[in-house]
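Have a look at the structure below before the remarks.
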Amino acid sequence: MENLAKHPGERRLQWWERRQLEQQGCSSADWELIGLRGDVDLTLVRNVNFVGRVVFGPLVSSGGGIPMMENATLENCSLGGGTVVRNIGVAIRGYETGENVRIENVGLMEYEPEAPCGLGTHVNVLDETGSRPVVIYPGLSAQIAVLMARKPKWASGNLIPMVESRIEAHPLEGRIGTGATVRNTRLIRNVYVGDEVVIDGASSLIDGSVINNAAPGKALAYIGADVKAEHFIVEDGCVAGGAVMENVYVGQGARLDKGFTAHDSLFFANSTCENGEGCALFAGPYTTTMHKSTLLISSFTQFMNAGSGSNQSNHLYKMGPVHWGIMERGVKTSSGSYVMWGAKIGAFSLLVGDHKMHPDSSDFPFSYLFGDERGGTIVVPGIMLRSSGLLRDEKKWPLRERRAKRKLPLHDRINFEVLNPVTVGAMARALPLIDGLRKQRADDDRFVRYKGLKLRVSNLERAYRFYSLGICKYLHIKLGGMAFPGGTGEEADEWLDIAGQFVSRKYLERAMQARTIEQMEDVFTECHERYTELEMNWIGNALSSWATRSPAEIEAGAAEFDRMIEEDRKSYLESLSEENAMLSL
């Protein structure tokens with residue numbers, strides 16, 4: 001910055017301007033290094049110590065003659081027009097600002113040449129030992145992050161070099177963007193601050209970026225009181241309330257607040273995390289944890305709601321903290337629940353009690369999972385399908401879309417349907433599995449064992465009915481009485497839930513064959529835009545055995561499904577009414 005090139009329209013100070021500044025308490029070891037741009041009302045500059053090369057202006061009073069630059073040390077800086085700098089404890093060093101920036105009550109604000117500003121930070125999600133690093137950068141989508149975390153060997157030779165090339169081609173520097181506000185903050189070192197970003201009351205921010213992609217006047221990016229952060233990117237997200245984070249990416253619409261602590265974690269669209277702690281956490285869209293004494297560690301989540309005191313373990317005291325687990329879409333944990341990783345919890349399941357036997361319930365979505373006295377997992381499969389809460393979940397998520405109406409490019413692609421090719425595909429595969437398990441002889445404790453699970457035959461028989469009704473409901477929604485779509489004769493393509501987006505296996509493989517990050521994103525976008533068409537093709541292939549059922553039969557199954565939901569809703573409302581009556585004055 002000391003060798004800062006001359007700006008267009010820049011001029012040196014005249015001798016009388018130097019004298020005026022000195023009379024107003026300003027100083028410089030070499031006034032020849034100070035440059036002005038445009039019209040500058042020097043009466044607005046008081047008690048400023050200029051160190052090295054400093055360029056500023058234009059400065060025009062808005063009335064009242066209130067200083068716009070006062071009580072500050074400026075060292076090797078370039079300040080845009082209308083920038084307000086007041087009450088700097090140590091210095092502003094090495095920064096460049098856009099126009100109409102406000103910097104007030106800041107201890108030290110320093111940028112060192114070629115600092116990365118958080119770009120390229122390796123976030124060691126899932127496996128804390130670092131075998132699955134996600135390299136963060138502006139524009140990181142949940143879908144790209146999944147490939148880095150879940151395909152580490154492939155990513156190390158393919159995806160991560162692409163990311164590093166992108167970072168090298170698009171670095172961020174020590175800049176405070178146009179219309180940004182930085183105030184009441186003790187320390188900012190090597191932090192990029194985007195246009196219209198607000199940083200107010202932070203404790204210390206080191207090696208990071210706070211980025212706003214929204215339209216003018218609609219910024220989401222915010223850093224609030226007492227926040228401490230190192231090696232981070234906050235992109236259209238909010239971090240406030242004394243949150244502490246290190247090696248973290250906070251994505252669009254995500255919020256960390258009320259003392260939440262996070263390290264080596266990723267938070268994607270519309271996640272809300274308060275009070276508790278996240279370690280090596282991959283928090284996919286709509287991950288919610290709001291209670292104290294809740295630890296989410298080494299887990300992959302999405303549309304998840306953690307009850308108070310939820311906890312997990314990733315360290316079995318043998319090979320280090322190498323264990324991790326998956327909570328598929330829509331998992332809820334009860335208060336005081338515990339899971340020993342590795343484990344895989346099926347979609348839209350409720351986890352209650354302690355689970356220490358590494359269960360895999362992914363073949364049984366919509367289940368209750370109870371921990372027994374020895375840490376085993378008792379599964380009641382399919383029982384959540386009769387819950388009226390599922391319909392509430394599907395409706396509430398779009399209403400909690402913080403990215404809406406911000407006019408920003410959406411990085412994370414999200415599908416909201418509860419019944420979809422992923423969950424319905426799991427239910428369809430579960431039917432023959434249940435048939436086989438029902439024929440097995442139960443153990444002495446009257447349970448059938450499967451993948452670390454304990455199942456009662458009676459619950460399996462009920463699950464068969466629930467899953468069948470769920471598939472009927474799905475087909476009724478998608479077909480609406482129309483003829484069953486014809487299959488293409490191809491093998492049914494598997495669908496995956498890639499951090500909020502439903503993606504067919506073929507599209508995932510196409511994305512992994514791309515040569516640039518942009519091409520990969522284009523593949524995911526194409527799949528998202530063609531979702532309805534691709535879903536109908538999947539129905540024709542994967543659910544072809546259901547084509548023999550008449551529309552009337554499917555409609556009857558859907559109606560029975562609706563009655564089941566309505567009965568649950570009425571039962572809940574009656575119970576709630578009784579509780580309110582008990583508690584009334």
Side-chain angles (χ1 to χ4, degrees), residues 142-143 146 150 268 271 282-288 296 299-307 310 324-334 337 339 341-352 355 359-370 377 379-397 413-431 433-434 450-453 455 459 463-464 466-471 473-474 477 494-505 508 531 535 538 542-543 561 565:
Q143 285 72 44
V146 167
R150 301 281 300 275
F268 291 102
S271 292
F282 191 116
Y286 291 93
T287 294
T288 301
L296 301 181
S299 56
F300 181 98
T301 66
Q302 52 187 326
F303 298 89
M304 183 253 191
N305 194 322
S310 294
W324 59 282
I326 295 172
M327 292 189 178
E328 295 187 342
R329 174 182 294 236
V331 171
K332 294 179 173 63
T333 63
S334 71
S337 67
V339 184
W341 298 132
K344 189 175 184 181
I345 310 303
F348 295 102
S349 293
L350 174 63
L351 194 76
V352 182
H355 302 262
D360 177 2
S361 70
S362 57
D363 290 331
F364 299 107
F366 306 103
S367 297
Y368 282 178
L369 281 69
F370 298 97
T377 299
V379 181
V380 183
I383 195 70
M384 284 286 285
L385 278 171
R386 71 178 187 181
S387 171
S388 57
L390 283 178
L391 299 179
R392 176 178 174 271
D393 284 348
E394 187 169 286
K395 293 176 181 177
K396 76 182 181 185
W397 290 322
R413 304 154 192 85
I414 300 176
N415 299 102
F416 294 105
E417 296 91 342
V418 170
L419 297 176
N420 56 71
V422 178
T423 56
V424 172
M427 289 192 292
R429 292 189 298 272
L431 295 178
L433 174 61
I434 290 172
Y450 177 77
K451 291 187 176 181
L453 309 173
L455 306 103
N459 289 334
Y464 194 98
F466 287 161
Y467 286 154
S468 298
L469 295 179
I471 295 172
K473 178 63 177 178
Y474 171 73
I477 292 171
E494 179 189 8
W495 279 68
L496 307 166
D497 195 339
I498 306 296
Q501 181 186 358
F502 305 136
V503 179
S504 71
R505 177 69 71 177
L508 181 63
Y531 171 65
E535 183 182 28
W538 177 82
L543 302 181
F561 182 91
I565 297 291

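Below, all heavy atoms of this structure are taken into account, side chains as well, without hydrogens, waters or symmetry copies.
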Could you please spell out the steps behind the side chain to side chain contact (heavy atoms under 4.5 Å, CB included) verdict for Trp397 and Ile414? CA-CA 10 Å; Trp397 290 322; Ile414 300 176; over 6 Å; no
Does any part of the side chain of [Y], heavy atoms only, come nearer than 4.5 Å to the side chain of [X], both counted from C-beta?
| X | Y | value |
| --- | --- | --- |
| Pro421 | Tyr531 | yes |
| Phe466 | Pro381 | no |
| Arg150 | Ile326 | yes |
| Val380 | Phe370 | yes |
| Met384 | Ser349 | no |
| Glu417 | Phe502 | yes |
| Val146 | Gln302 | no |
| Leu496 | Leu508 | yes |

Atom [atom1] in [X], atom [atom2] in [Y]: separation rounded to 0.5 Å?
| X | Y | atom1 | atom2 | answer |
| --- | --- | --- | --- | --- |
| Ile565 | Arg386 | CD1 | CZ | 10.0 Å |
| Lys332 | Leu369 | NZ | CG | 13.5 Å |
| Tyr450 | Asp363 | OH | CG | 4.0 Å |
| Ser337 | Leu350 | OG | CG | 8.5 Å |
| Lys344 | Trp324 | NZ | CH2 | 8.5 Å |
| Thr333 | Leu296 | OG1 | CG | 7.5 Å |

If we check side chain to side chain contact (heavy atoms under 4.5 Å, CB included) with Leu419, which of these qualifies: Val424, Ile471, Leu390?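 Of the listed residues Val424, Ile471, Leu390, the side chain to side chain contact (heavy atoms under 4.5 Å, CB included) partner of Leu419 is Val424.
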Any donor and acceptor pair, going by atom type alone, linking the side chain of [X] with main-chain N or O of [Y] inside 3.5 Å?
| X | Y | value |
| --- | --- | --- |
| Asn420 | Val422 | yes |
| Ser299 | Thr301 | no |
| Gln501 | Arg413 | no |
| Thr423 | Val418 | yes |

Looking at [X] and [Y], what are the two nearest heavy atoms and their distance?
| X | Y | answer |
| --- | --- | --- |
| Ala283 | Ser271 | O-OG, 3.9 Å |
| Glu394 | Phe416 | CG-O, 3.8 Å |
| Ala347 | Glu328 | N-OE1, 3.2 Å |
| Ser334 | Ser310 | O-OG, 3.5 Å |
| Gly500 | Arg329 | O-NH2, 3.0 Å |
| Ile498 | Gln143 | O-NE2, 3.1 Å |

Please evaluate residues Trp538 and Leu543 with respect to the criterion side chain to side chain contact (heavy atoms under 4.5 Å, CB included), reporting the C-alpha separation (whole Å), side-chain torsions for both, the decisive distance (0.1 Å), and the verdict. CA-CA 8 Å; Trp538 177 82; Leu543 302 181; 4.0 Å; yes
is_close_aromatic(Trp341, Phe300), centroid dist under 6.0 Å: no
Once you measure the plane-to-plane angle for Tyr286 and Phe303, does it fall in the parallel (<30°), tilted (30-60°) or perpendicular (>60°) bin?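 Because their plane-to-plane angle is under 30°, the rings of Tyr286 and Phe303 count as parallel.
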Can you tell me how the ring of Phe282 sits relative to the ring of Phe268, calling it parallel under 30°, perpendicular over 60° and tilted otherwise? tilted
Does a donor on one side chain sit under 3.5 Å from an acceptor on the other, for Ser367 and Ser361?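 No, Ser361 and Ser367 have no side-chain donor paired with an acceptor closer than 3.5 Å.
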If the condition is ring pair (Phe, Tyr, Trp, His ring centres under 6.0 Å), which residues does Phe366 pass it with, not counting sequence neighbours? Phe348
Tell me whether Lys396 at atom NZ has more than 12 heavy atoms from other residues, nucleotides or ligands lying less than 6.0 Å away. yes
Passes side chain to side chain contact (heavy atoms under 4.5 Å, CB included), Leu385 versus Met427? Steps please. CA-CA 11 Å; Leu385 278 171; Met427 289 192 292; 3.7 Å; yes
